[in-house]
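Worth saying up front: this structure is predicted, and the values here are computed from it rather than measured. Residue numbers start at 1 and run along the sequence shown. In what follows, every heavy atom counts, from backbone to side chain, and hydrogens, waters and symmetry copies are set aside. When a ligand or atom number is given, it counts from 1 through the structure's own listing order.
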Amino acid sequence: MVRLLFIPKLLIITITALPAQNLSAARERMIQQQLINRGIRSRAVLDAMRKVERHRFVPAGLQHEAYNDYPLPIGEGQTISQPYIVAFMTEALNLKPTDKVLEIGTGSGYQAAVLAEICREVYTIEIAESLGLRAQQILKELGYTRVHVRIADGYYGWPEAAPFDAIIVTCSPANVPKPLEEQLAEGGRMIIPVGEDHVQELVLITRQNGKLKRQHRLPVRFVPMRSPGGRRY
Ligand code: SAH
């Protein structure tokens, strides 16, 4: 009888109290298998994703899945992107340590933390208040003082802090929002998933000599960019 009770208890302990070394081993495997083996080359991006503890940004019950090769739910029907997509988009921005970056769609705050490991200042906008507040809290706990979170409609960008050297959009509008194009600095880069509900393309937009150039990079599927009234942009 005692044995029978003991076994399930042991199991519960191994499932709930995830040893830190397991998570850091899982993170290292993610770097090698999901990122390096698939062609992510930027030293800055790999170092940032090695450093940021992704499991801190996912709901407690899903921490053991934080380093797996798929997106995870973060509440409010939203998701934290698959690690490869975070790496791919960050690498596409070709960031410098002096850059000031704007993110639309803070979600869990994970992408913002990765950006903050690489560049000077991160401005990030989330429309869902509960997510924005939670992200702000965890980013503060982890000491990311150079990440500024705003709860607002990201379609209009952050004009007071513009222009931005880079813009990353992690929710999908049907077309590139004009205000975001306008807030891109000369020489700036924007990565954005554009398209309909199920078919989207990651588009890289660069501003050179005042002109915007577009390159299609990868088919993807992101949650839609929405207005405060819930309409899809
Ligand atoms: N980058 C996030 C994942 C974002 S998921 C991370 O690292 O976890 C996309 C997010 O975009 C959702 O949280 C959603 O609420 C938000 N979003 C949707 N429309 C928006 C808008 N108009 N402005 C700002 N955020 C928006």
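In the displayed structure, E196 atom CD is contacted under 6.0 Å by at most 12 heavy atoms of other residues, nucleotides or ligands. Around atom CZ of R226, more than 12 heavy atoms belonging to other residues, nucleotides or ligands sit under 6.0 Å away.
Counting only residues at least two apart or on different chains, the side chain to side chain donor-acceptor pair (under 3.5 Å) pairs with a member in residues 156-168 are R150-E160.
Considering only residues two or more places apart in sequence or on other chains, R217 meets the salt bridge (charged side-chain N to carboxylate O under 4.0 Å, His left out) condition with none of them. Residues passing the ring-ring contact (aromatic ring centres under 6.0 Å, His included) test with Y155, sequence neighbours excluded: Y233.
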Need the list: ligand 1 N/O atoms against protein N/O atoms, distance under 3.5 Å, rounded to one decimal.
{"unit_1": "ligand 1", "atom_1": "1 (N)", "unit_2": "E103", "atom_2": "OE2", "d": "2.9"}
{"unit_1": "ligand 1", "atom_1": "1 (N)", "unit_2": "G105", "atom_2": "O", "d": "3.0"}
{"unit_1": "ligand 1", "atom_1": "1 (N)", "unit_2": "T170", "atom_2": "OG1", "d": "3.1"}
{"unit_1": "ligand 1", "atom_1": "7 (O)", "unit_2": "Q111", "atom_2": "N", "d": "3.0"}
{"unit_1": "ligand 1", "atom_1": "8 (O)", "unit_2": "S108", "atom_2": "N", "d": "3.0"}
{"unit_1": "ligand 1", "atom_1": "8 (O)", "unit_2": "S108", "atom_2": "OG", "d": "2.6"}
{"unit_1": "ligand 1", "atom_1": "13 (O)", "unit_2": "E126", "atom_2": "OE1", "d": "2.8"}
{"unit_1": "ligand 1", "atom_1": "13 (O)", "unit_2": "E126", "atom_2": "OE2", "d": "3.3"}
{"unit_1": "ligand 1", "atom_1": "15 (O)", "unit_2": "E126", "atom_2": "OE2", "d": "2.6"}
{"unit_1": "ligand 1", "atom_1": "19 (N)", "unit_2": "R226", "atom_2": "N", "d": "3.0"}
{"unit_1": "ligand 1", "atom_1": "22 (N)", "unit_2": "D153", "atom_2": "OD1", "d": "2.9"}
{"unit_1": "ligand 1", "atom_1": "22 (N)", "unit_2": "R226", "atom_2": "O", "d": "2.7"}
{"unit_1": "ligand 1", "atom_1": "23 (N)", "unit_2": "G154", "atom_2": "N", "d": "2.8"}
{"unit_1": "ligand 1", "atom_1": "25 (N)", "unit_2": "I127", "atom_2": "N", "d": "3.3"}

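For the residue pair T124 and E103, a side-chain donor N or O sits within less than 3.5 Å of a side-chain acceptor on the partner.
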